[in-house]
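The structure is given below, and queries will be raised subsequently.
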Amino acid sequence: MSNANSDLFHSTQLGPFTLQNRIVMAPLTRSRAQSGDIPSELAPLYYAQRASAGLIIAEATQISPQGKGYAFTPGIYDDAQVAGWKKVTAAVHAKGGHIFLQLWHVGRISHPSLQPDGALPVAPSAVQPEGNAFTEDGFQPFVTPRALALEELPGIVEQYRHASLLAIEAGFDGVEIHAANGYLLDQFLRDKTNLRTDNYGGSIENRSRLLLEVVEAVTALVPSDRVGIRLSPVSPANDIADSNPQALFSHVVEQLNRFKLAYLHVVEGATGGPRQVDDGFDLQILRRLFNGTYIANNGYDLALAIKARQDNLADLIAFGRPFIANPDLVERLKTGAPLNALDPDTLYGGDARGYTDYQALNAA
Ligand code: 8OZ
């Protein structure tokens with residue numbers, strides 16, 4: 001069977017959208033935003049070059065100044081950022097693509113130099129992560145975050161609500177709530193990072209509460225078939241862990257079913273690393289529990305993606321790094337053409353090099 005016969009390359013429905021194919025461009029941090037956390041002038045071109053993806057999930061974007069944890073990432077909390085994103089969504093739509101925005105609060109994965117007034121990053125509990133923050137002055141060790149007071153949690157939910165409002169104003173087709181990779185919502189979920197003794201800590205129900213409140217607030221504004229969520233149940237990314245991820249994430253997914261979301265997007269394995277998961281954790285249980293579209297991500301290549309569709313292990317497949325180096329990734333996979341190699345030195349920061357200058361086959 002030729003690649004093109006795989007239904008990976010056939011159009012499919014996602015909520016109100018007819019996607020051109022089942023291939024998703026995963027959210028990818030590129031750290032090229034302008035001052036004011038405004039998307040790069042080159043971002044409209046970068047995303048438009050990749051608009052043959054069935055769905056683009058634009059890079060993680062901070063929902064507030066407090067939600068920022070890396071140098072040069074874009075925001076979605078003020079009008080200048082909305083104006084910048086409008087150019088991106090218009091460019092993608094002009095090419096017939098669909099684009100969601102990933103809503104991001106990093107929690108403790110930040111540094112005072114990236115925070116308003118040099119404040120401490122916030123988190124469910126004052127637990128210092130191992131590792132370093134990517135700041136404007138290079139890598140600096142993470143600090144012990146400040147535990148959020150109970151009274152502050154409605155303000156966190158409000159940040160997500162406001163950001164989703166602005167995302168729709170900016171022309172995005174929908175939003176993805178980033179609850180993966182050890183950022184704020186994941187920090188609340190896990191018992192390694194959430195030591196709270198109020199209604200937001202302790203039991204699995206309590207640790208899931210903030211996430212579900214965020215989903216409720218976002219879906220009160222954005223039709224739920226335009227809202228997705230990303231989870232990374234077994235990833236150790238950003239020093240995260242839980243004593244019983246299967247029970248935790250089964251509960252989360254069962255609760256998410258109430259909202260009839262557009263999709264569940266799962267980082268399978270260690271983010272950007274091995275796909276093998278801890279013994280005893282079965283991600284397919286989450287797929288079966290979820291009543292909706294399941295997007296699989298992490299280390300997929302063409303063969304694995306075709307197999308995942310044949311065996312019905314996923315509805316859509318998200319590719320990350322291959323999309324950076326191959327703006328026409330869909331065409332290349334469909335025809336079996338070789339892929340451009342990724343230049344690791346231009347992943348984060350910098351200019352057009354390694355951003356908008358990767359060639360498509362027909363442009364070479
Ligand atoms: C790589 C570098 C910076 C940020 C994530 C948003 O892990 C990220 C990220 C990944 O989800």
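For ligands, and for the atoms within them, numbers begin at 1 and follow the listed sequence.
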Considering the heavy atoms of Asn181, write down every atom of ligand 1 situated less than 4.0 Å from one of them.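 Result: 5 (C), 7 (O), 11 (O).
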Go through the side-chain N and O atoms of Gln246 and Asp282 and say whether any donor and acceptor fall under 3.5 Å apart.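 Absent: no donor and acceptor within the cut-off.
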Atom indices of ligand 1 within 4.0 angstrom of Ala60 heavy atoms, with elements: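 Going through ligand 1 atom by atom, the ones under 4.0 Å from Ala60 are 6 (C).
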Looking at the rings of Tyr183 and His178, which for Trp means the six-membered one, are their centres under 6.0 Å apart?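 Ring centres of His178 and Tyr183 closer than 6.0 Å.
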Show the atoms of ligand 1 that are less than 4.0 angstrom away from any heavy atom in Tyr348.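 Listed by number with element, the hits are 1 (C), 2 (C).
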Write out the residue and atom name of the closest protein heavy atom to atom 3 (C) of ligand 1, then the distance separating them to 0.1 Å.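 Looking only at protein heavy atoms, the one closest to atom 3 (C) of ligand 1 is Tyr70 CE2, 3.3 Å.
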Select one of side chain, backbone, both or neither to describe which atoms of Phe134 lie under 4.0 Å from any atom of ligand 1, heavy atoms only.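 Under 4.0 Å from ligand 1, Phe134 contributes no heavy atoms.
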Would you call Arg226 and Glu176 a salt bridge, taking side-chain N to carboxylate O under 4.0 Å as the test?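 Glu176 and Arg226: not salt-bridged.
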Are Asp37 and Tyr77 linked by a side-chain donor-acceptor pair shorter than 3.5 Å?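 Present: a donor and an acceptor within the cut-off.
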Do the ring centers of Tyr263 and Tyr294 come within less than 6.0 Å of each other?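 That pair fails the under 6.0 Å test.
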His178, portion touching ligand 1 at heavy-atom distance under 4.0 Å: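 Just the side chain.
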Report yes if the distance between the aromatic ring centroids of Tyr46 and Tyr355 is under 6.0 Å, otherwise no.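 Yes, the ring of Tyr46 comes within the 6.0 Å limit of the ring of Tyr355, centre to centre.
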Quick check on Gln102 - does any of its heavy atoms sit under 4.0 Å from an atom of ligand 1?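 No.
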Got Ile109 and Gln187 here, is their nearest side-chain heavy-atom distance under 4.5 Å?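 Yes. Closest side-chain heavy atoms under 4.5 Å.
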Where is the nearest protein heavy atom to atom 4 (C) of ligand 1: which residue, which atom, and how far?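 Of every protein heavy atom, Thr29 OG1, 3.3 Å lies nearest to atom 4 (C) of ligand 1.
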Do me a favour and list the nearest non-hydrogen protein atom to atom 8 (C) of ligand 1 with residue, atom name and distance?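 Protein heavy atom with the smallest distance to atom 8 (C) of ligand 1: Tyr183 OH, 3.4 Å.
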